[in-house]
Structure formats: C-alpha cells, structure tokens
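To keep things clear, I will list the structure first and then write my remarks on it.
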Amino acid sequence: MDRKTNIMKSILVTGGAGYIGSHVCYALKQQGYLPICFDNFSSGHRWAAKFGPIVEGDLLESQEIERTIEEYKPFSIIHLASFIQVGESVKNPAKYYENNIAGTINLLKAVQKYEIPYLVFSSSAAVYGTPEYTPIDENHPLKPINPYGHTKHITEIILQDWDKAYGLKSVSLRYFNAAGAFPEEGLGEAHEPETHLIPLMIRAAQHQKAIQIFGNDYDTADGTCVRDYIHVLDLANAHLKALDYLVTGGETVCLNLGTEIGVTNLQMVNLIEELFSTKVPYRFLSRREGDPSVLLSSALKAKELLNWQPKYKISDILQHAWQWHSKEIYGE
Ligand code: UDP
C-alpha cells in the first residue's frame, strides 16, 4: 500500500493506551495514519495516549463503540483491548469471558454495521497451551490451558466465522513475550501489578531486592524456563505490516510474532548482570502454575506473508527497558 495516499486515514485502536497499544499508536502516527485510541483506562495510562484523539469508552457498552466508529469512520480496527493476567483469569473466568469475548462481540457488531473491512487482532502464544514441540509453528495444536488463552483462541474462531459470513478480513497476531520500551517517546511497560520477568528483574537489579524465579527443575539447559522475547517496537511494526497485507488482498490468517531465539530465566540474570555491571539478586521458588517449560516461536510465516522480521536483539530490549525503568518517568 502506498502510505502517502493514506495521510490522516483513521484507524481505531482498542486498548490504545496500554503497553503494546501505545507503541502501535506511535507507529501508526509515524506512518501518517490517525490512531483513534479507544480505552477504558482500567489498565491503560493517559500519559501513553498521545498520538491522536482519545476516546474513554468501554467495549461492554455497545453504544460507546458504535458512536466512536460513526464519528471517526476508521478504515480499519486494531483490537488490543483485553484483560491479560493468566492467574486472575483462572480465579475469575467470568471477568475474562465477559470483557474479552462479550466486548469483542460488541466491537464486531459495530464493525459489521459500519462495514469496516479489516481488523488486526492481538492474540497470544497462550492459544497453544503446553507445547508439543518447539519452535511452535502455526500448525501446532491449539489447546489453551487457562481462561485467558481460551478467550484468545475463541476470538480467533469468531474472526474466522465473521470472515465466512460477513467478509471481514483479519490477521490474528499471536504474540510471544513482548518486552522492551521506547524511552525517547516516553513509552514503556507499567503494568499494575507487574508480573513480567524483565521489568521485575530490572527492578530487582536497580533496587537490589531479590526476584523470585519460578522453578529450576525444568527439562531445559539450566533448569529454568525458556521464553522468546520480542521488542514491543517490532511487535508494533508487525501491526502495520498486517494492515498492508489485508489492504493488498490478504486472506484471514493467524500468525506468530516471535524471534525464534530462546532465553532462559537464568540466562536473563546473566545478561542483565553483564550489560549493566550489576548483580541481580534472586531466589528460586517452586514452579508457577500453568508455566510451560519452553515457549519458542517459529517466525517463518510472518516473514513470508508480511515480509516482517524482528529488528531488535535481546540486548536492545534490555537496554531500552533498563533506561525506561531507571528514569521512572511514568506515573499519573
Ligand atoms: N518469572 C519468574 N519470576 C517472576 C516472573 C516471571 O521466574 O517474578 C518467569 C516465569 O515463570 C516464566 C518467565 O519468567 O518462566 C516469563 O514469565 P512472564 O510472566 O514474563 O511471561 P509469560 O511467559 O508467563 O507470558
């Protein structure tokens, strides 16, 4: 697509004030689009929503999303709004099914009413459940092991049915471990509560307070879990590529977004210690429920279909995250 012809074309980004959503809005603005940030601010931040109009709204209120689409007439939707905490989803599945599924249905009914042709959906590697082989490609069986993963899987199925019945073309992007930051733009990870490894490990190093590492008896090189960390700016860029793919006639598809490079939790300790000449205090705890030993993505299909590949290395991810957490520039 010639992006010059799309100057100020608006795109509705649900969850646009969140960690990934804010980076997506930045990337859209950079390319000349107008990102409309639709967020209920239950976990998003006002300081992160600064790249276009902001609509404080909730997908559970169908009039709010309809009104927004009617007003801004977006030519596409990027749908990231969802609850994301695995542990919470196990304890309170009703909250997850209501927000992630019922909210999505309200959005999709509005998409259908206003005949919006394209949607990019923020899915997750959680759709695969416990890996049967690695690297995980898109043909791997889909057997989520918690309600959060179920909501992502169910949404992918709903999107396939929406295509068959109403012609909505979509790309579901199955994120592996999003990490890193964009400190120059004042963007980075600020979850409350924070449960992710990299921010917690950096905080542990910066405040010399031990992090708990969940499990050291996994069947991996050093006994700790392996994850595939992908820079949030690489993820954001993939959303633009997915839009290009749809606009140029691409079929509805699900794609992994990962790097094919695995890092164990203990390797992460070493990387941080080497990069920042510091100590990461840690102690081992028992395994966290629902943690697969290895999550490693095949990145072939996204490369093939979107012409996308990650640009940032794990050292960049850590440098940017370190800078972001050092400044503590966020806060409302
Ligand atoms: N992890 C850990 N201690 C923490 C947080 C995470 O040992 O305080 C581990 C977790 O068990 C997993 C890896 O770090 O092996 C990545 O976890 P994270 O929550 O960042 O992402 P997930 O892979 O669960 O989406």
Side-chain angles (χ1 to χ4, degrees), residues 17-27 30 43-51 84-85 125 175-214 216 221-222 224-238 257-285 288 291 295-297 309-332:
Y19 171 46
I20 298 171
S22 55
H23 289 79
V24 167
C25 288
Y26 161 80
Q30 279 295 101
S43 59
H45 301 281
R46 283 176 205 281
W47 50 258
K50 54 185 176 184
F51 302 104
I84 59 160
Q85 286 180 43
Y175 309 153
F176 280 65
N177 287 62
F182 191 13
E184 291 89 338
E185 275 293 334
L187 298 178
E189 200 163 2
H191 295 118
E192 195 48 59
E194 189 54 82
T195 58
H196 293 107
L197 185 74
I198 291 182
L200 291 175
M201 236 180 223
I202 288 178
R203 273 189 213 163
Q206 293 181 341
H207 303 289
Q208 287 301 301
K209 227 175 141 212
I211 180 175
Q212 300 169 336
I213 295 185
F214 301 131
N216 60 349
D222 58 24
T224 64
C225 290
V226 176
R227 291 291 180 273
D228 181 337
Y229 295 90
I230 172 154
H231 198 294
V232 63
L233 283 175
D234 280 327
L235 275 189
N237 184 34
L257 291 182
T259 66
E260 298 190 345
I261 297 170
V263 180
T264 70
N265 296 340
L266 273 183
Q267 282 167 346
M268 195 68 85
V269 168
N270 293 332
L271 280 166
I272 293 175
E273 290 187 343
E274 276 166 30
L275 273 171
F276 308 109
S277 309
T278 184
K279 276 273 156 214
V280 177
Y282 67 85
R283 55 196 158 86
F284 287 120
L285 228 73
R288 186 170 70 176
D291 264 349
L295 272 182
L296 190 60
S297 166
Q309 57 185 6
K311 181 169 119 190
Y312 296 100
K313 300 191 293 287
I314 187 68
S315 53
D316 302 316
I317 289 176
L318 290 173
Q319 295 278 9
H320 297 162
W322 182 274
Q323 217 180 317
W324 167 249
H325 290 288
S326 307
K327 283 192 188 153
E328 292 192 2
I329 42 185
Y330 53 88
E332 288 172 291

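Keep in mind that the numbers below use all heavy atoms, side chains included, and drop hydrogens, waters and symmetry copies. Nothing fancy with the numbering, it's 1 onward along the sequence.
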Atom pair CD1 (Ile230) and OH (Tyr312), whose distance is rounded to the nearest 0.5 Å
11.5 Å

How long is the span from the CZ atom in Phe176 to the CG atom in Leu296, to the nearest 0.5 Å?
7.5 Å

Please check if the side chain of His196 supplies one atom and the backbone of Ile198 the other of a donor-acceptor pair under 3.5 Å.
no

With heavy-atom distances below 4.5 Å as the criterion, would you say the side chains of Ser326 and Gln206 are in contact?
yes

Backbone N or O of Glu185 within a donor-acceptor pair of the Lys50 side chain at under 3.5 Å?
yes

Test Tyr282 against Leu266 for side-chain contact (heavy atoms from CB on, under 4.5 Å), laying out the working first.
CA-CA 10 Å; Tyr282 67 85; Leu266 273 183; 3.6 Å; yes

How far does CG of Asp291 sit from CZ of Phe214, to the nearest 0.5 angstrom?
8.0 Å

Hey, what do you get for NZ (Lys313) to CD1 (Ile261), rounding to the nearest 0.5 Å?
9.5 Å

Show the numbers, then the answer: is there a side-chain contact (heavy atoms from CB on, under 4.5 Å) between Val226 and Gln267?
CA-CA 9 Å; Val226 176; Gln267 282 167 346; over 6 Å; no

List the residues meeting side-chain contact (heavy atoms from CB on, under 4.5 Å) with Ala221, not counting sequence neighbours, and say none if there are none.
none

For Val232 against Tyr19, the heavy-atom pair lying closest together:
CB-OH, 3.7 Å

For Thr278, side-chain contact (heavy atoms from CB on, under 4.5 Å) partners two or more places apart:
Ala205, Gln208, Ile272, Phe276, Trp322

If I compare all heavy atoms of Pro193 with all of Gln85, which pair ends up nearest, and what's the gap?
CD-NE2, 3.6 Å

Contact summary for Ile314 and Met268, nearest pair of heavy atoms
CD1-CE, 4.0 Å

Would you call Pro183 and His320 a side-chain contact if the rule is heavy atoms closer than 4.5 Å?
yes

Asp228 side-chain N/O to Leu295 backbone N/O, donor-acceptor pair under 3.5 Å
no

Kindly give the heavy-atom pair with the smallest separation between Ala48 and Ser22, and that separation in Å.
O-CB, 3.4 Å

Which residues pass the side chain to side chain donor-acceptor pair (under 3.5 Å) test with Asn265, not counting sequence neighbours?
none

Any heavy-atom pair between the side chains of Ile84 and His191 that's under 4.5 Å?
yes

Could you list the residues that satisfy side-chain contact (heavy atoms from CB on, under 4.5 Å) with Leu200, not counting sequence neighbours?
Glu194, Arg203, Ile211

Of all heavy-atom pairs linking Trp324 and Ala181, the shortest is CB-CB, 3.6 Å

Nearest 0.5 Å, what's the CG-CG distance between Asn177 and Leu257?
12.5 Å

Sequence neighbours excluded, the answer for side-chain contact (heavy atoms from CB on, under 4.5 Å) partners of Ala236 is His23, Val24, Ala27

Is a side-chain donor or acceptor of Glu189 paired with a backbone partner of Ala179 at a separation under 3.5 angstrom?
no

Are Leu271 and Val263 close enough, and set up right, to give a side-chain contact (heavy atoms from CB on, under 4.5 Å), and what steps lead you there?
CA-CA 10 Å; Leu271 280 166; Val263 180; 4.1 Å; yes

What residues, two or more places apart in sequence or in another chain, satisfy side chain to side chain donor-acceptor pair (under 3.5 Å) together with Asp222?
Thr224, Thr264

Is there a donor-acceptor pair under 3.5 Å between the side chain of His231 and the backbone N or O of Asp316?
no

About how many Å separate CG of Leu318 and OH of Tyr229, when rounded to the nearest 0.5 Å?
9.5 Å

Atom of Ala321, atom of Gly180 and distance for their closest heavy-atom approach
CB-CA, 4.3 Å

Report the C-alpha distance between Ile20 and Tyr175 in whole Å, list the side-chain angles of each, state the deciding distance to 0.1 Å, and finish with yes or no for side-chain contact (heavy atoms from CB on, under 4.5 Å).
CA-CA 10 Å; Ile20 298 171; Tyr175 309 153; 3.5 Å; yes

